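The structure under discussion appears below in the form of structure tokens.
Position 1 is the first residue of the sequence; numbering continues from there. If you're wondering where the values come from, they're calculated on a predicted model, not measured in any experiment.
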Amino acid sequence: MTGIEELLLSRIRDVADHPEPGVMFKDITPLLADPAAFTALTDALAEIAERTGATKVIGLEARGFILGAPVAVRAGLGFVPVRKAGKLPGATLSQAYDLEYGSAEIEVHAEDLASGDRILIVDDVLATGGTAEAAIQLIHRAGAEVAGVAVLMELGFLSGRARLEPALNGAPLVALLQV
């Protein structure tokens, strides 16, 4: 384990039975409250943005906003929020996707992505991959290219990587931590 992995893991708190019994929630708020850990995380994700040749960073609602915005600033890139349906004013592109029980929809401002953009998707956790897969579809529909996906942690037992790899078409999926 590297020094950054140890630092990040030491600042993630396990919360049993949240939001429902049997779930072990990974709380990143102690990491965000620690300036050294948050800076190390931001630097690591910004390095991924630079390495992939990204021109913009997309953050997935809501913790992807917290992580993606400083990454974009650090890497000198634009930041584009991907929101739950109905939250953005003006013209949007929307993408529906399936959840374990039901479905959801995300949106992005249509004018924020364009042909020639290379987009790095940033989020805190890769679980089943449904939201990230919908974001990839939005990026493609806007005529932009996916530079990659970067997450703080991947919950490997939920197989999100296997779901995303076909949609990524060779673009990297980088998880700083495997849980």
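Going from atom CD1 of Ile139 over to atom CD1 of Ile119 covers 5.5 Å, rounded to the nearest 0.5 Å. Considering CD1 of Ile66 and OG1 of Thr42, their distance stands at 11.0 Å, rounded to 0.5 Å. Here the CD1 atom belonging to Ile58 is positioned 11.5 Å from the CG atom belonging to Asp123, to the nearest 0.5 angstrom. To the nearest 0.5 Å, atom CG of residue Leu9 and atom CG of residue Leu177 are 4.5 Å apart. To the nearest 0.5 Å, atom CG of residue Leu173 and atom CG of residue Leu168 are 6.0 Å apart. Rounding to the nearest 0.5 Å places CG of Leu126 at 10.5 Å from CD1 of Ile121.
Residues satisfying the side chain to side chain donor-acceptor pair (under 3.5 Å) criterion with Asp124, sequence neighbours excluded, are Arg63. Judged as a side chain to side chain donor-acceptor pair (under 3.5 Å), and not counting sequence neighbours, the contacts of Glu47 are Arg51. Checked against salt bridge (Lys or Arg N to Asp or Glu O under 4.0 Å), Glu61 has the following partners two or more places apart in sequence or in another chain: Arg83. Under the side chain to side chain contact (heavy atoms under 4.5 Å, CB included) criterion, Ala62 pairs with no residue at all, not counting sequence neighbours. Shown here are the salt bridge (Lys or Arg N to Asp or Glu O under 4.0 Å) partners of Arg163, two or more places apart in sequence or in another chain: Glu133. Scored by the side chain to side chain donor-acceptor pair (under 3.5 Å) test, Ser10 finds no partners at all (sequence neighbours excluded). Scanning for side chain to side chain contact (heavy atoms under 4.5 Å, CB included) contacts around Ala114 gives Asp117, with sequence neighbours left out.
Closest approach of Leu7 and Ala37 over heavy atoms only: CD2-CA, 3.8 Å. Nearest heavy-atom pair, Gly59 versus Phe79, reported as atom, atom and distance to 0.1 Å: N-CE1, 3.5 Å. Minimum heavy-atom separation, Ala135 to Leu60: CB-CD2, 3.7 Å. The two residues Glu105 and Ser94 come nearest to each other via the heavy atoms OE2-OG, 3.0 Å. When all heavy atoms of Leu120 and Ala54 are compared, the closest pair comes out as CB-CB, 3.9 Å. Contact record, Ala147 with Pro172: O-CD, 3.2 Å, taken as the closest heavy-atom pair.
Under the salt bridge (charged side-chain N to carboxylate O under 4.0 Å, His left out) criterion, the residue pairs touching residues 142-156 are Arg118-Glu145, Glu154-Arg161, with sequence neighbours excluded. Pairs passing the ring-ring contact (aromatic ring centres under 6.0 Å, His included) check and including a residue from residues 103-160, sequence neighbours excluded, do not occur.
Residue Leu88 is found outside any hydrophobic cluster, as its side-chain heavy atoms come under 4.5 Å of no other Ile, Leu, Val, Met, Phe, Trp or Tyr. Apart from Met24 itself, the hydrophobic cluster it occupies contains nothing, where clustering links Ile, Leu, Val, Met, Phe, Trp and Tyr at side-chain heavy-atom distances under 4.5 Å.
Within the 4.5 Å cutoff, the side chain of Val122 has no heavy atoms near those of the Ile48 side chain. Residues Phe38 and Leu67 have side chains in contact (heavy-atom distance under 4.5 Å, counting atoms from C-beta outward). At a threshold of 4.5 Å between non-hydrogen side-chain atoms, the residues Leu152 and Ile12 count as touching. Counting only heavy atoms from C-beta outward, the side chains of Leu77 and Lys56 never approach each other to under 4.5 Å. For the pair Ile28/Leu41, no side-chain contact is recorded, criterion being any heavy-atom separation below 4.5 Å from C-beta on.
Cluster annotation: Ile4 and Val174 are assigned to the same hydrophobic cluster (Ile/Leu/Val/Met/Phe/Trp/Tyr, side-chain heavy-atom contacts under 4.5 Å, transitive).
The closest donor-acceptor contact from the side chain of Glu107 to the backbone of Gly86 lies under 3.5 Å.
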Distance-only check: which donor-acceptor pairs under 3.5 Å involve side-chain atoms of residues 14-22, not counting sequence neighbours?
residue : atom : partner : partner atom : Å
Asp14   : OD1  : Lys26   : NZ           : 2.7
Asp14   : OD2  : Lys26   : NZ           : 3.4
Asp17   : OD1  : Gly22   : N            : 2.8

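Screening Thr2, Val151, Leu45 against Leu176 for a side-chain contact (heavy atoms from CB on, under 4.5 Å) leaves a single residue, Leu45.
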